[in-house]
Peer 1: 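Before we start, here is the structure in question, set down as structure tokens.
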Amino acid sequence: MVQSSARQGVANRPVGPADAGIVASRLRDLHLDARTELDHSDAFELLVATVLSAQTTDVRVNQVTPALFASWPDPEALAGAAEADVTEIVRTLGMGGTRARRIIGLAQGLVTAHDGEVPDSQAALEALPGVGRKTAHVLRGAWFGHSLLAVDTHVGRLSRRLGWTEQTDPRKIEDDVVAQVAADGTGSPDEDLTILGLRLILHGRRVCTARAPHCGSCVLVDVCPQVGLARQEGVA
């Protein structure tokens with residue numbers, strides 16, 4: 001593990017982007033436990049939980065999904081649920097009525113368009129209520145095993161700090177990171193975009209935090225062009 005001080009890092013920081021292969025390898029050693037933190041037992045549960053996670057935390061979603069899936073365990077059941085009943089269960093997440101309508105509509109879409117099955121298709125998933133590119137990537141990456149980057153606030157922040165992008169738009173960030181991994185990559189399994197994204201998220205939560213990044217204890221301190229600067233510049 002690389003150890004250095006943030007002050008030394010500022011003096012010797014790289015001028016170019018961090019090597020994506022090195023980043024992927026070191027994050028593997030630090031975050032072996034990386035996985036989606038939304039509790040689920042099948043593709044339907046993961047899809048619904050991911051839709052519910054918008055503008056809230058995985059922890060809070062995991063607090064409501066046991067009761068939700070106990071009452072409506074599959075698309076057919078949720079498609080016929082009363083909105084008021086679903087709202088009552090998800091109301092602690094905020095915007096309870098909106099979230100309830102969204103996941104009921106999602107279930108209805110699965111039933112009418114896909115015979116109740118969750119499709120492994122980007123276009124088909126994005127056509128469902130409440131499902132955008134990021135949600136489809138989470139589902140297809142975590143459940144169906146595709147190499148797909150789901151860009152959330154942590155992935156965006158770390159990608160900018162590592163010099164992989166200057167963008168704030170998720171799709172542009174995705175394009176830049178995919179290109180960086182392709183340019184630097186060695187073909188290692190650690191460079192799978194799904195697992196790399198999950199490890200970036202954990203690193204963003206535990207080490208490279210938004211307001212007070214722990215540069216002095218970061219395994220990427222010698223390759224990160226923003227080491228020691230993020231706090232001063234207010235990079236989010």
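As the structure is a computational prediction, the values presented were derived from the model and not from experiment.
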Peer 1: Determine the minimum heavy-atom distance between Val131 and Leu106, stating which atoms define it.
Peer 2: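 The pair with the smallest heavy-atom distance is CG2-CD1, 3.9 Å.
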
Peer 1: Any chance you could lay out the side-chain contact (heavy atoms from CB on, under 4.5 Å) test for Val178 and Asp175, step after step, and finish with the verdict?
Peer 2: CA-CA 5 Å; Val178 170; Asp175 290 343; 5.9 Å; no

Peer 1: Measure from the side-chain N and O atoms of Arg99 to the backbone N and O of Gly94, and report whether any donor-acceptor pair falls under 3.5 Å.
Peer 2: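 Yes: the side chain of Arg99 pairs with the backbone of Gly94.
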
Peer 1: Are Val111 and Val118 in one and the same hydrophobic cluster, where Ile, Leu, Val, Met, Phe, Trp and Tyr link if side-chain heavy atoms are under 4.5 Å apart?
Peer 2: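 No, separate clusters.
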
Peer 1: Is there a path from Leu110 to Ile104 through hydrophobic residues (I, L, V, M, F, W, Y) whose side chains come within less than 4.5 Å of each other?
Peer 2: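 Leu110 clusters together with Ile104.
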
Peer 1: When you measure from the side chain of Asp115 to the backbone of Glu117, do you find a donor-acceptor pair of N or O atoms at a distance under 3.5 Å?
Peer 2: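 Here the side-chain-to-backbone pair does not exist.
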
Peer 1: What verdict does the side-chain contact (heavy atoms from CB on, under 4.5 Å) test give for Asp222 and Val227, after you've listed the backbone C-alpha separation in whole Å, the side-chain angles of each residue and the deciding distance to 0.1 Å?
Peer 2: CA-CA 8 Å; Asp222 62 325; Val227 62; over 6 Å; no

Peer 1: Who are the side-chain contact (heavy atoms from CB on, under 4.5 Å) partners of Asp33, not counting sequence neighbours?
Peer 2: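 With sequence neighbours excluded, Asp33 shows a side-chain contact (heavy atoms from CB on, under 4.5 Å) to His31, Leu202, Arg206, given in chain and number order.
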
Peer 1: Is any side-chain heavy atom of Arg160 closer than 4.5 Å to a side-chain heavy atom of Ile173?
Peer 2: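 Yes. Closest side-chain heavy atoms under 4.5 Å.
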
Peer 1: Answer yes or no: is there a side-chain heavy-atom contact under 4.5 Å between Leu27 and Asp29?
Peer 2: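 Not touching, per the 4.5 Å side-chain cut-off.
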
Peer 1: I'd like to know if the side chain of Thr209 and the backbone of Arg205 have a donor-acceptor N/O pair within less than 3.5 Å.
Peer 2: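 Judged by distance alone, no pair lies under 3.5 Å.
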
Peer 1: Which distance, rounded to the nearest 0.5 Å, do you find between the CH2 of Trp72 and the CZ of Phe44?
Peer 2: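 The CZ atom of Phe44 is 10.5 Å from CH2 of Trp72, to the nearest 0.5 Å.
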
Peer 1: Strictly distance-based, threshold 3.5 Å: is any side-chain N or O of Trp164 a donor or acceptor partner for the main-chain N or O of Ala18?
Peer 2: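 Pair found, side chain donor or acceptor close to backbone of Ala18.
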
Peer 1: Do you see a donor-acceptor pair shorter than 3.5 Å between the side chains of Thr87 and Glu83?
Peer 2: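 Looking only at side-chain atoms, Glu83 and Thr87 do not form any donor-acceptor pair under 3.5 Å.
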
Peer 1: Look up atom SG in Cys208 and atom CG in Leu162, then write down how far apart they are to the nearest 0.5 Å.
Peer 2: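 Going from SG on Cys208 over to CG on Leu162, the span is 7.0 Å.
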
Peer 1: What is the minimum heavy-atom distance between Val90 and Gly96, and which atoms define it?
Peer 2: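 Smallest heavy-atom distance, with atoms named: CG2-O, 3.6 Å.
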
Peer 1: Would you say the side-chain atoms of Glu191 and Thr186 include a donor-acceptor pair closer than 3.5 Å?
Peer 2: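 There is such a pair between these side chains.
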
Peer 1: How far apart are the C-alpha atoms of Cys215 and Gln226, what are their side-chain angles, what is the distance that settles it, and do they pass the side-chain contact (heavy atoms from CB on, under 4.5 Å) test?
Peer 2: CA-CA 9 Å; Cys215 298; Gln226 283 289 325; over 6 Å; no

Peer 1: A side-chain contact here means heavy atoms from C-beta on lying under 4.5 Å apart; do Gln63 and Thr92 qualify?
Peer 2: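 They are not in side-chain contact.
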
Peer 1: Do you know the tightest heavy-atom contact between Gly204 and Arg157?
Peer 2: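 Closest pair (atom of Gly204, atom of Arg157, distance): O-NH2, 3.0 Å.
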
Peer 1: If hydrophobic clusters are built by linking Ile, Leu, Val, Met, Phe, Trp and Tyr wherever their side-chain heavy atoms come under 4.5 Å apart, do Leu196 and Leu30 end up in the same one?
Peer 2: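 Yes, Leu196 and Leu30 fall within the same hydrophobic cluster.
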
Peer 1: Closest approach of Asp152 and Val155, non-hydrogen atoms and distance?
Peer 2: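 So the minimum-distance heavy-atom pair works out to OD1-N, 2.9 Å.
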
Peer 1: Locate the shortest heavy-atom distance separating Pro213 from Arg161; write the atom from each residue and the value.
Peer 2: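 Distance-wise, the nearest heavy atoms are CB-NH1, 3.7 Å.
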
Peer 1: If you round to the nearest 0.5 Å, how far is CG of Leu38 from OG1 of Thr65?
Peer 2: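 CG of Leu38 is found 8.0 Å from OG1 of Thr65.
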
Peer 1: Between the side chains of Glu174 and Lys134, is the shortest nitrogen-to-carboxylate-oxygen separation below 4.0 Å, so that they form an ion pair?
Peer 2: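 Salt bridge between Lys134 and Glu174, a charged N being under 4.0 Å from a carboxylate O: no.
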
Peer 1: Taking the side chain as every heavy atom from C-beta outward, state whether His137 and Gln122 have any atom pair closer than 4.5 Å.
Peer 2: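 Side-chain contact under 4.5 Å: yes.
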
Peer 1: Looking at residues at least two apart in the chain, or sitting in another chain, which of them share a side-chain contact (heavy atoms from CB on, under 4.5 Å) with Ala124?
Peer 2: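 His114, Pro119, Ser121.
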
Peer 1: Is a side-chain donor or acceptor of Thr194 paired with a backbone partner of Gly145 at a separation under 3.5 angstrom?
Peer 2: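 Side chain of Thr194 to backbone of Gly145: no pair is present.
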
Peer 1: Just by distance, do the side chain of Asp39 and the backbone of Asp58 share a donor-acceptor pair under 3.5 Å?
Peer 2: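 Pair absent, no side-chain N/O of Asp39 close to backbone of Asp58.
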
Peer 1: Side chains of Gln180 and Asp176: donor-acceptor distance under 3.5 Å anywhere?
Peer 2: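 Side chains of Gln180 and Asp176: no pair found under 3.5 Å.
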
Peer 1: Only one of Leu200, Ile201, Val207, Val177 clears side chain to side chain contact (heavy atoms under 4.5 Å, CB included) with Leu158; which?
Peer 2: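 By the side chain to side chain contact (heavy atoms under 4.5 Å, CB included) criterion, Leu158 pairs with just one of Leu200, Ile201, Val207, Val177: Leu200.
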
Peer 1: Is there a path of hydrophobic side-chain contacts, each under 4.5 Å between heavy atoms of I/L/V/M/F/W/Y residues, joining Leu125 to Phe144?
Peer 2: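 Yes, Phe144 connects to Leu125 through the hydrophobic network.
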
Peer 1: Say you draw a straight line from NE2 of His146 to CG of Asp192; how long is it, rounded to the nearest 0.5 Å?
Peer 2: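 The distance works out to 11.0 Å.
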
Peer 1: Distance check, rounded to the nearest 0.5 Å: Ile89 atom CD1 versus Ile103 atom CD1?
Peer 2: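 Here the rounded value is 8.5 Å.
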
Peer 1: Quick one: side chains of residues 48-56, donor-acceptor pairs under 3.5 Å with protein atoms, not counting sequence neighbours, listed by atom name and distance.
Peer 2:
{"from": "Thr50", "atom 1": "OG1", "to": "Leu46", "atom 2": "O", "distance (Å)": "2.7"}
{"from": "Ser53", "atom 1": "OG", "to": "Thr50", "atom 2": "O", "distance (Å)": "2.6"}

Peer 1: As an exercise, state the distance from CG of Leu68 to CG of Leu78, rounded to the nearest 0.5 Å.
Peer 2: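 Rounded to the nearest 0.5 Å, the CG-CG separation comes out at 6.0 Å.
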
Peer 1: Keeping Ser147 on the side-chain end and Leu193 on the backbone end, is there a donor-acceptor pair under 3.5 Å?
Peer 2: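 Yes, Ser147 side chain to Leu193 backbone: donor-acceptor pair under 3.5 Å.
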
Peer 1: Under a 3.5 Å distance rule, please check whether Ser25 uses its side chain to pair with a backbone N or O of Gly21 as donor and acceptor.
Peer 2: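 A pair under 3.5 Å: no.
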
Peer 1: For the backbone of Val219 and the side chain of Arg26, can you confirm whether one donor and one acceptor N or O come within less than 3.5 Å of each other?
Peer 2: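 Yes.
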
Peer 1: Would you say His40's side chain and Glu45's backbone share a donor-acceptor pair under 3.5 angstrom?
Peer 2: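 Not a single qualifying donor-acceptor pair exists.
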
Peer 1: Show the nearest heavy-atom pair for residues Arg199 and Ala34, with the distance to one decimal.
Peer 2: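 Looks like CG-CB, 3.5 Å.
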
Peer 1: Count I, L, V, M, F, W, Y as connected when their side-chain heavy atoms are under 4.5 Å apart, and connections chain through other members. Are Val86 and Val61 then in the same cluster?
Peer 2: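 As far as the 4.5 Å side-chain criterion goes, Val61 and Val86 are connected within one cluster.
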
